[in-house]
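For reference, the structure I am asking about is given below.
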Amino acid sequence: MIDLGFNAEAQVLVFARTWCGLIALGDWDGALRMLDEPNHYGVVWTREGVVTVLEVTFTEATVFAREFGGPKFSAPDAAQGQERHSFGRSRDGSYWLDYDVPLNGRFSDLTAQFEFRPRAHRFAAILHDLHVM
């Protein structure tokens, strides 16, 4: 659970950067502990689930894999290219963030879609989906 105060956009952006950075460091347990609830499809994200998305999305036949090799998370502060994200608030008071994940040292087209749902004075962090937009 996270607190979202005055600048919710900045706070959820830090959340996404931290989540990607932990995976880049190999701290899957730390990254997965940041997620509080399954998404609304009931998916509880695991290391295997995230890795499967990467493998299915970036097969050897893709331009990305041919140019950069198999996809690996990178730390956002060390990634090349422009960091991109979209942020918004829903009518129910929740927030959402679409964050372009850094892979192989550069920002990619893989988007992590996060939701932040209100729960007793805090917000539950949820990874809704990972896909290429």
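Values below: all heavy atoms of this structure, side chains included; hydrogens, waters and symmetry mates excluded.
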Query raised in the report: Tyr41 versus His128: any side-chain heavy-atom pair under 4.5 Å?
Result: yes

Query raised in the report: Phe116 versus Leu97: any side-chain heavy-atom pair under 4.5 Å?
Result: yes

Query raised in the report: Restricting to pairs with a member in residues 15-24, which pass side-chain hydrogen bond (donor to acceptor under 3.5 Å, both in side chains), not counting sequence neighbours?
Result: Arg17-Glu83

Query raised in the report: Okay, side chain of Ser108, backbone of Pro102: is any donor-acceptor separation there less than 3.5 Å?
Result: no

Query raised in the report: For the residue pair Pro38 and Ile126, what are the closest heavy atoms and their distance?
Result: O-CG2, 3.7 Å

Query - CD on Gln11 to CZ on Phe123, rounded to 0.5 Å - result: 9.5 Å

Requested in this report: Using the test salt bridge (charged side-chain N to carboxylate O under 4.0 Å, His left out), find all partners of Arg119 that sit at least two apart in sequence or belong to another chain.
Outcome: Glu37

Query - Flag side-chain contact, heavy atom, 4.5 Å: Phe64 against Asp109 - result: no

Report task. I would like to know whether Phe68 and Leu103 meet side chain to side chain contact (heavy atoms under 4.5 Å, CB included); could you show each step before the answer? Result -> CA-CA 9 Å; Phe68 308 115; Leu103 300 172; over 6 Å; no

I'd like a table of donor-acceptor pairs (distance under 3.5 Å, sequence neighbours excluded) in which one partner is a side-chain atom from residues 43-54, with atom names and distances.
from  : atom 1 : to     : atom 2 : distance (Å)
Trp45 : NE1    : Leu127 : O      : 2.8
Thr46 : OG1    : Glu48  : N      : 3.4
Thr46 : OG1    : Gly49  : N      : 3.0
Thr52 : OG1    : Glu48  : O      : 2.8

Query raised in the report: Which pair of non-hydrogen atoms, one from Ala31 and one from Ile23, has the smallest distance, and what is that distance?
Result: CB-CG1, 3.5 Å

Query raised in the report: Taking only residues two or more places apart in sequence, or in another chain, which ones meet Asp92 in a side chain to side chain donor-acceptor pair (under 3.5 Å)?
Result: Ser94, Arg117

Query raised in the report: Taking 4.0 angstrom as the limit, do Asp36 and Arg122 come out as a salt bridge?
Result: no

Query - Asp100-Thr111 side chain donor-acceptor pair, cut-off 3.5 Å - result: yes

Query raised in the report: Considering only heavy atoms from C-beta outward, does the side chain of His85 approach that of Leu13 to under 4.5 Å?
Result: yes

Query raised in the report: Does atom NE2 of His40 have more than 12 heavy-atom neighbours from other groups under 6.0 Å away?
Result: yes

Query raised in the report: Should Phe58 and Leu110 count as side-chain neighbours, where that means a heavy-atom distance under 4.5 Å?
Result: yes

Report task. Answer yes or no: is there a side-chain heavy-atom contact under 4.5 Å between Tyr99 and Cys20? Result -> yes

Query raised in the report: Do Val14 and Met34 share a hydrophobic cluster, counting only Ile, Leu, Val, Met, Phe, Trp and Tyr and linking them when any side-chain heavy atoms are less than 4.5 Å apart?
Result: no

**Report entry** Under the side chain to side chain donor-acceptor pair (under 3.5 Å) test, residues paired with Asn39 that sit two or more places apart
**Finding:** none

**Report entry** ring pair (Phe, Tyr, Trp, His ring centres under 6.0 Å), paired with Phe114, selected from Phe15, Trp96, Phe87
**Finding:** Phe15

Query raised in the report: Does Val56 offer a backbone N or O that forms a donor-acceptor pair with the side chain of Thr59 under 3.5 Å?
Result: no

Query - Qualifying side-chain hydrogen bond (donor to acceptor under 3.5 Å, both in side chains) pairs, either residue in residues 65-81, two or more places apart - result: none

